[in-house]
Amino acid sequence: MSLLLTFAIFALIILINALYALLSFALPSQTSQRADPPALLSLLAPLLDAAEAELAALGFQHFFDAEIRFTPARVLQPNICRYSLSADRLTLAFITIDESANSADRAQVYLYSRSAAGAFLGTAPWNLLIAAYYQNAQLQMADYPDLATQYQAHLAHIVAHAPEPWPDTAQTLALMNDNDAQMMDKLYQHRWLQRLRDGSARLTLRGACRALPWAFRRPTQRDTRGEQIPRSRHVLYWRLWQKQQARSAPTRTVAWTLLITTALLFYAIGAWLWTPVNALLLLLVVGLHEGGHWLAMRLFGYRQARVLFLPFLGGVTLGEEQRSSARERAWILLAGPVPGLILGTLLSLSGLAQSHPWLSLLTVQLLLLNLFNLLPILPLDGGQILQNLLPRQNTALLLLLNLLSLAVIVMLALHSHLLLILALLPVHNLLTLGREQRLQRRWQTLPTPANEAAAMLQALELIQSEKGSTPKAEGQIRLAENFLRSTRHTAMPVGSALLIATIWAASFLTLLLPQMQVLLRLVGG
């Protein structure tokens, strides 16, 4: 049963993170196209040329070029698209550039026809945002290995609809703009999309839940690894990714809804397993702990800091680190358990803990849970504090810490399989530690890059030259981004290390409090 709960909690974490990512993604609130576009970036022009050449082999001819205008403007500017028309004028090919790095090797081609009733019939490569926007019976999506296969699928799709020929350039462009406007209006009417004050749009909770099944779908036939993509184009997509990340954030309503929903779920399951009072006190203890982490993250400039309550485990505070600093990480880690230990100590020494049963229970929970979290075991706060106090270049010590942590977790898991979920971090560290140290050694032999773009080029070269499994283009960019952040890692100053280590060690003096002495005697007896 506990093993099943472990998998359920792990699945819940993945589900909530996927939902959060969908709700955070910045989308245009309006799109339109106009003819006579400006010149396309030279790095991206070959993608459109290659797609048009492949279409020409299928009998298509160039129709016209257009510029896609988004409100607010998208990251990629100018956003140029091309149109090609089949010989029978029944199929219109819309060729565009995707801002995802996984599509950095080719342009995206969407095939459209019009039925006699005026409905659009489309055949598109699989795309999460297109799925979220235009999921309907008249748009089919699949992982087509090439345009010839996609075109054959489109012909089979439209054969029963008696398609009409496409008109001239101006009328075709007007039809495309009208179709986009109708689809956007439909999303707003169904409350799948909402406009924000800055002019952008976000998926609503309803819209994100509708798109959630598509978020876990991955292409099966196309598997671009990026070896043939010019690294300069990789750097361009990295810039696009950075700008998109800076724009992405959920609305406050969504953030609070996720927090309250997970808190209520935590309380409901706790009340069912224990008692409502016990569950409520535990919720307060976990909230104080995670609130300390959250506040420290905000103070140190982390992006998208958020708290999630996890039934059976407690909670987790997530955020995007803007710079790699051991000192900042250690203070963030201490900011979780220390407030709870201070409050528990005050309740104990003032005598309030003995004045009422629920205050006594609250005191024990504050002391016990926060002290457990300070144990020097990864992924607990104490283990991560110790990891940040250790020198990064000392691979042997880091390896020993992760091995010991894994051993302790396995022993604890013999009593409760639920604790196996704690093994994820040490296992991940053990799998990646060797590669990170190897990349660091090779990086030190390279000349100092002149700027940030040159540094990204060097990092991509290192990652792509690694033996073994190499992720796709977007994964390479994320690895290179994390690696570059680690190369700019700020070591712990000696004074800060002594202060943090002193506070960490002093926290265990709370074991001398009466409530903890009673617990220790119970455990010892």
Side-chain angles (χ1 to χ4, degrees), residues 21-41 43-45 47-48 51 64-83 92-104 106-110 112 120 122 124-135 139 141 169-170 172-204 207-208 211 214 233 236-251 254 474:
L22 287 171
L23 292 166
S24 301
F25 200 81
L27 299 168
S29 61
Q30 185 177 344
T31 65
S32 63
Q33 299 179 40
R34 71 175 185 90
D36 303 320
L40 181 63
L41 292 171
L43 281 172
L44 300 178
L47 299 179
L48 295 181
F64 63 91
D65 291 352
E67 179 186 6
I68 309 174
R69 292 190 168 184
F70 298 98
T71 304
R74 291 298 298 274
V75 175
L76 181 59
Q77 292 293 327
N79 199 310
I80 310 301
C81 63
R82 288 183 185 172
Y83 286 93
L92 181 70
F94 169 64
I95 313 168
T96 185
I97 302 295
D98 195 336
E99 291 185 0
S100 168
N102 285 340
S103 301
R106 67 182 70 186
Q108 301 295 297
V109 178
Y110 302 88
Y112 292 105
F120 272 49
W126 182 86
N127 182 290
L128 173 60
L129 293 181
I130 296 297
Y133 267 55
Y134 302 110
Q135 183 184 349
L139 178 67
M141 288 188 297
T169 299
T172 296
L173 196 57
L175 287 170
M176 294 299 291
N177 281 327
D178 287 344
N179 181 66
D180 284 346
Q182 290 174 14
M183 293 306 298
M184 294 294 287
D185 287 342
K186 177 183 175 183
L187 292 172
Y188 291 121
Q189 289 170 6
H190 288 280
R191 295 182 180 177
W192 292 332
L193 203 64
Q194 61 179 331
R195 288 187 178 92
L196 302 188
R197 292 180 180 178
D198 63 359
S200 66
R202 296 288 190 282
L203 288 172
T204 61
W214 295 86
R233 193 184 299 157
L236 170 64
Y237 274 91
W238 167 59
R239 294 288 193 189
L240 297 177
W241 178 75
Q242 279 187 318
K243 292 178 180 178
Q244 180 61 46
Q245 289 295 105
R247 290 184 175 189
S248 296
T251 63
V254 165
E474 191 169 303

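Model, not experiment: these values are computed from the prediction. These numbers come from the heavy atoms of this one structure, side chains and all, not from hydrogens, waters or symmetry mates.
Considering all non-hydrogen atoms of both residues, Leu23 and Ala208 come closest at CD2-CB, 3.5 Å. Closest non-hydrogen pair, Met184 versus Pro28, comes out as CE-O, 3.6 Å. Tyr83 approaches Ala66 most closely through the heavy-atom pair CE1-CB, 4.3 Å.
Between the side chain of Ser29 and the backbone N or O of Gly199, at least one donor-acceptor pair lies under 3.5 Å. Remark: the backbone N or O of Gln194 is not paired with any side-chain donor or acceptor of Arg202 at under 3.5 angstrom.
Within the 4.5 Å cutoff, side-chain heavy atoms of Thr96 are placed close to those of Tyr110. Side-chain contact check for Ile97 versus Leu48: some heavy-atom pair is nearer than 4.5 Å.
The environment of CZ in Arg34 is crowded: more than 12 heavy-atom neighbours from other residues, nucleotides or ligands sit within 6.0 Å.
Taken from CG in Leu187 to OG1 in Thr204, the straight-line distance is 9.0 Å, to the nearest 0.5 Å. Taking OG1 from Thr169 and CG from Asp65, the interatomic distance works out to 10.0 Å, rounded to the nearest 0.5 Å.
With Phe120 as the partner, the side-chain contact (heavy atoms from CB on, under 4.5 Å) test is satisfied by one option alone out of Asp178, Leu175, Asp180: Leu175.
For the salt bridge (Lys or Arg N to Asp or Glu O under 4.0 Å) test, no residue two or more places apart in sequence or in another chain qualifies with Arg195. Judged as a side chain to side chain contact (heavy atoms under 4.5 Å, CB included), and not counting sequence neighbours, the contacts of Asn177 are Ser32, Gln33, Leu173.
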Can Leu193 and Leu203 be said to form a side chain to side chain contact (heavy atoms under 4.5 Å, CB included), step by step? CA-CA 5 Å; Leu193 203 64; Leu203 288 172; 3.9 Å; yes

